[in-house]
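Keep in mind that the numbers below use all heavy atoms, side chains included, and drop hydrogens, waters and symmetry copies. Residue numbers begin at 1 in each chain, while the letters A, B, ... track the order of the sequences. All figures in this text were calculated on a predicted structure; none of them were measured in a lab.
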Number of protein chains: 2
Amino acid sequence: METPLKYKRSRQRERILGVLKSTNSHPSADWLYHQLKKDMPRLSLGTVYRNLNTLIAQGFVQRLPIEDGIDRFEATIEPHYHLVCEQCGSVTDFSMPHPIGINVQAEKLSNFKIKRHRIDFYGLCSKCQQPSSKGGSS
Amino acid sequence: METPLKYKRSRQRERILGVLKSTNSHPSADWLYHQLKKDMPRLSLGTVYRNLNTLIAQGFVQRLPIEDGIDRFEATIEPHYHLVCEQCGSVTDFSMPHPIGINVQAEKLSNFKIKRHRIDFYGLCSKCQQPSSKGGSS
DNA sequence: CTGGGTGCAAAATCTTTGCAGATCC
DNA sequence: GGATCTGCAAAGATTTTGCACCCAG
């Protein structure tokens with residue numbers, strides 16, 4: 001994808017960002033496609049992918065590498081972390097204070113110039129903590 | 001992939017784990033394949049993928065969701081973090097003390113049962129910090 | 001008008017699987 | 001011998017791209 005000199009507005013891109021902003025989940029490209037297809041029947045999946053990449057290039061959207069092979073996306077600006085449920089796979093935004101000086105500390109201990117970091121917490125969400133289904137191990 | 005009742009040893013799997021343990025990089029399946037193919041000319045990529053999944057199921061290997069669409073793997077040893085260079089894409093292991101009580105704090109602030117966390121630092125590696133190639137923006 | 005954007009479909013990537021034969025225990 | 005594993009190749013799944021036309025600025 002070669003970066004264009006300037007971006008034009010497009011209804012599709014605005015709608016994609018709109019859905020991303022309005023949802024709390026972390027949709028896949030395919031989910032966004034089906035979601036928007038209801039309103040825009042001519043929408044194509046390729047367009048969704050192209051616009052997601054554009055939105056990422058513009059900094060409006062982040063790609064989340066969750067451990068399931070499919071890319072997920074979210075519209076996010078402010079830094080936050082993620083809670084990933086190891087049982088049901090749900091991904092939840094999670095705001096907590098940055099560990100104090102973590103970037104600075106990491107920079108001291110490495111030879112990197114640290115710009116940012118990501119933290120993902122893994123565990124069990126409230127639902128999956130319920131002992132409702134006994135013996136549910138994989 | 002249906003989990004077998006028990007695992008047998010296989011030369012291929014042992015070699016794959018061996019390479020993963022001996023390397024500091026975080027190879028993709030394809031890289032492992034080409035690497036081992038030198039010694040085992042009949043090795044197939046499918047076998048690499050199958051064994052990687054087996055090793056993950058056994059807990060010997062971890063899949064790393066780095067932000068580039070391709071799965072990377074590493075032999076699981078002790079907890080550590082990762083430094084990702086935003087310019088050259090390299091991924092480096094990085095041992096630093098856990099931010100104190102981070103899991104406990106996260107658990108208090110959420111309704112999750114936190115078991116573990118992952119931290120990835122993003123920035124510039126030592127090489128890419130050198131002003132050797134001026135104007136290298138993407 | 002001009003360059004970015006869209007739809008559609010083909011292509012490229014990456015990963016998984018079915019099958020027959022080899023291996024391990 | 002029986003379950004597991006391998007190679008090979010085909011199939012799946014996900015993401016990118018080429019092209020002709022459309023739309024925003």
Rounded off to whole Å, could you give me the CE-to-P distance for the B/Met40 and C/dA22 pair? 17 Å
Can you tell me how far P of C/dC14 sits from OH of A/Tyr49, to the nearest Å? 14 Å
B/Ser10 meets the side-chain contact (heavy atoms from CB on, under 4.5 Å) criterion, sequence neighbours left out, with B/Gln12, B/Arg13, B/Asn51
By side-chain contact (heavy atoms from CB on, under 4.5 Å), B/Arg11 pairs with (sequence neighbours left out) B/Arg15, B/Met40
Go through the structure and list residues passing side chain to side chain donor-acceptor pair (under 3.5 Å) with A/Ser25, not counting sequence neighbours. A/Thr23
Using a cut-off of less than 4.0 Å, is there contact between a side-chain N or O of B/Asn53 and OP1 or OP2 of C/dT15? no
Nearest-angstrom distance from the residue atom CH2 of B/Trp31 to P of C/dC14: 16 Å
Do B/Tyr81 and B/His117 have side-chain atoms, one donor and one acceptor, less than 3.5 Å apart? yes
Whole angstrom is fine here: how far is it from OH in B/Tyr33 over to C1' in C/dC14? 14 Å
Go through the structure and list residues passing side chain to side chain donor-acceptor pair (under 3.5 Å) with B/Ser90, not counting sequence neighbours. none
Base versus backbone protein contacts along nucleotides 1-6 of chain C [heavy-atom cut-off under 4.0 Å; B, S, -]: --BSSB
Rounded off to whole Å, could you give me the CG-to-P distance for the A/Leu45 and D/dT17 pair? 14 Å
What's the CG-C1' distance between B/Asp30 and C/dT15, to the nearest Å? 11 Å
Examine the side chains of B/Asp93 and B/His26 and answer whether a donor and an acceptor come within less than 3.5 Å of each other. yes
Once salt bridge (charged side-chain N to carboxylate O under 4.0 Å, His left out) is applied, what residue pairs with a partner in residues 79-91 of chain B remain, sequence neighbours excluded? A/Lys115-B/Glu86, A/Arg116-B/Glu86
To which residues is A/Tyr7 joined in a hydrophobic cluster, defined by side-chain heavy-atom contacts under 4.5 Å among Ile, Leu, Val, Met, Phe, Trp and Tyr, whether direct or through other members? none
Distance, rounded to the nearest Å, where B/Arg72 contributes CZ and C/dC14 contributes C1': 13 Å
Over how many whole Å does the gap from A/Glu14 atom CD to D/dC23 atom P extend? 16 Å
In short, the helix from C/dC1-D/dG25 to C/dC25-D/dG1 is bent end to end, axes from five pairs each side, to 10°, by 40°
Partners meeting side chain to side chain donor-acceptor pair (under 3.5 Å) with A/Gln105 (sequence neighbours left out): none
